[in-house]
Amino acid sequence: MRLVMNEPTERMDRPYARRWWALLVLCLSLLIIVMANTALTVAAPDMTADLGLNSADLQWVIDGYTVPYAALMLLLGAIGDKYSRRGALVLGLAVFAGGSVFGYLADSSTTVIAARAVMGAGAAMIMPATLSLLASTFPRAERAKAITLWTATAGLAIAAGPLVAGALLADHGWSSTFLINVPIAILAILGAFVLVPPSKAADRGRIDYGGGLLSVVWIAALVYMIIEGPHFGWGVKAVTAAVVAGAGLVAFVLWELRHPRPLLDVRRFTNRGFAGSNLAVALFFLAVFGAFYYLTQHLQFVLGYDALDTGLRMLPLAGAVFVGSALTGFLTPRVGMKWTVTAGMVGGTAALALLTQVDAGSSYGDFVAPLVVLGLSIGLALSPCTDAIMGAFPESELGVGGAVNDTSLELGGSLGIAILGSLLATSYSGHLSDATAGSKLPASSLSTAQDSVGAGYAVAQGIGDKARQLAEQAAHTGDPQQAERLRAQAEQLGGGARQMADAVGSSFSDAVAHTSLIGAVILGIGTVVVALLLPSKEKTLEEPADESKELESAGSR
């Protein structure tokens with residue numbers, strides 16, 4: 001047996017014997033790039049305290065990864081198709097590992113943001129390569145099953161990120177959440193050479209670099225606008241980005257319509273199944289990433305769980321994703337993707353609707369049902385959509401197909417954090433303002449507390465610390481009148497600290513309920529649109545008879 005797998009899939013006369021081991025490598029590669037985002041939500045408080053990040057710095061630490069990741073996927077997917085899909089995967093893993101080392105060594109907001117941007121560029125090579133290699137390695141009869149496992153891995157990574165980060169933060173600093181990526185990336189690189197067969201398009205002509213450049217411009221501008229506008233206001237930067245995104249999109253569509261070999265044939269979006277599948281992916285991840293954004297905050301700040309406990313309590317989501325994926329593999333060939341995708345989106349809407357019942361008295365038990373329903377819904381909806389999107393592309397454009405799917409996913413996730421995160425912040429600030437109306441606390445403290453739930457609890461803790469200092473002074477002073485005065489001040493401040501903490505918790509819980517309602521409305525409307533778009537029968541999910549026979553004969557051998 002060769003140490004390095006060098007026989008291209010295009011030259012094989014039968015299905016690749018170690019294709020399921022190759023899938024394990026592809027899933028491992030997917031795991032670390034999704035975990036890089038979800039782990040950061042748990043590490044963010046420690047990073048903020050250590051580096052002195054303000055809210056803008058923290059936002060760009062998170063989203064510095066997203067802009068290059070979303071913007072570069074389409075072009076890099078096409079380059080991988082032409083030259084080497086496995087090469088794109090390996091290079092992406094190496095860049096991702098390098099960015100992770102850079103992040104581990106970072107000591108300022110600027111260097112952390114730069115490291116995250118490098119990691120995003122690596123992820124933009126990895127993500128489409130995983131799907132294109134999956135599609136080229138597996139025969140059509142098995143592809144839906146392989147994509148189901150790929151999707152389940154993405155769901156697992158969403159929940160595993162906080163768990164891994166929490167375990168690391170128990171004994172190490174926030175920088176360890178960067179360094180953990182390096183051994184996993186090295187293992188995936190070695191696995192890629194040993195287990196993943198090389199692949200590239202047989203008839204890919206010259207790459208449409210003009211269309212590629214336009215795609216980078218309009219997607220980067222759109223993601224920047226999504227981040228900048230809701231979080232920092234619709235000033236000159238956000239408006240300029242919106243104009244560039246709109247003009248760039250129009251230019252990209254016109255260019256692709258006229259180009260003889262376009263980077264992406266935009267006419268595909270006139271196909272109802274293709275358009276509906278992309279819309280479903282985007283809307284679903286809008287809901288998933290938005291809900292994940294505020295659920296982890298609620299578990300940490302309001303319910304008081306540490307990083308590891310927060311990760312453990314997200315595990316029902318991961319387990320439910322696997323169950324939902326197994327149901328998809330059973331149901332989709334029998335009832336069609338329209339029904340499984342619609343059922344998944346209805347389930348996602350129901351999960352958000354359950355979260356509208358959150359209030360100040362809610363415990364972790366009140367979150368278990370929404371997490372399970374959301375996980376089941378992810379498993380049901382996403383793999384059929386991904387299979388349909390990949391099935392719409394010829395062998396020469398599998399990398400582009402993977403990039404289209406992943407761009408829809410990433411744009412949806414960015415929109416979810418931006419839209420639902422902005423609604424959450426506005427709702428929290430409004431509820432806290434009402435809850436503390438008439439309070440004798442300093443106006444500056446109240447204003448700071450309205451910035452975020454973390455800032456609110458920090459203000460309450462600061463007031464409590466001041467109360468304890470006054471109580472200690474009262475206990476050690478020899479003047480009875482001064483001691484009485486200090487004790488009265490301490491008691492007043494202690495009551496103010498409790499009042500502030502209660503107000504922050506109840507305000508954030510109310511904001512979660514309000515934001516979940518808006519998210520449920522958005523996803524519910526989207527469900528109706530997707531159900532109308534998706535056809536009842538899908539050719540992409542039918543198993544060709546000749547491939548089935550080929551698999552049977554391969555199995556007998």
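Counting from 1, the numbers follow the sequence of the chain as shown.
Every residue two or more places apart in sequence or in another chain that forms a side chain to side chain contact (heavy atoms under 4.5 Å, CB included) with A449 is listed here: L432, V459, M500. The side chain to side chain contact (heavy atoms under 4.5 Å, CB included) check on W255 picks up D208, L214, H259, with sequence neighbours excluded. V266 is linked by a side chain to side chain contact (heavy atoms under 4.5 Å, CB included) to F252, V253, E256, L257, counting only residues two or more places apart in sequence or in another chain. Under the side chain to side chain contact (heavy atoms under 4.5 Å, CB included) criterion, L222 pairs with W218, M225, I226, A245, L411, not counting sequence neighbours. Applying the salt bridge (charged side-chain N to carboxylate O under 4.0 Å, His left out) rule to D265 yields the partners R267; only residues at least two apart in sequence or on another chain are considered. Here R272 pairs with nothing under the salt bridge (charged side-chain N to carboxylate O under 4.0 Å, His left out) rule; sequence neighbours left out.
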Please list, one pair per line, the donor and acceptor atoms closer than 3.5 Å that link side chains of residues 151-161 to other protein atoms, with sequence neighbours excluded.
| from | atom 1 | to | atom 2 | distance (Å) |
| --- | --- | --- | --- | --- |
| T151 | OG1 | I147 | O | 2.9 |
| T153 | OG1 | L149 | O | 2.9 |

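Screening residues 275-290 for side chain to side chain donor-acceptor pair (under 3.5 Å), with sequence neighbours left out, gives N278-S408. Residue pairs meeting the side chain to side chain donor-acceptor pair (under 3.5 Å) criterion with at least one partner in residues 516-531, sequence neighbours excluded, are Y294-S516. Sorted by first and then second residue, the ring pair (Phe, Tyr, Trp, His ring centres under 6.0 Å) pairs involving residues 378-401 (not counting sequence neighbours) are F274-F393. Every pair tested for ring pair (Phe, Tyr, Trp, His ring centres under 6.0 Å) that includes a residue from residues 73-110 fails, sequence neighbours excluded, so the list is empty. A side chain to side chain donor-acceptor pair (under 3.5 Å) check over residues 85-100, counting only residues at least two apart or in different chains, returns the pairs D81-R85, R85-S199, R85-E395, S100-N181.
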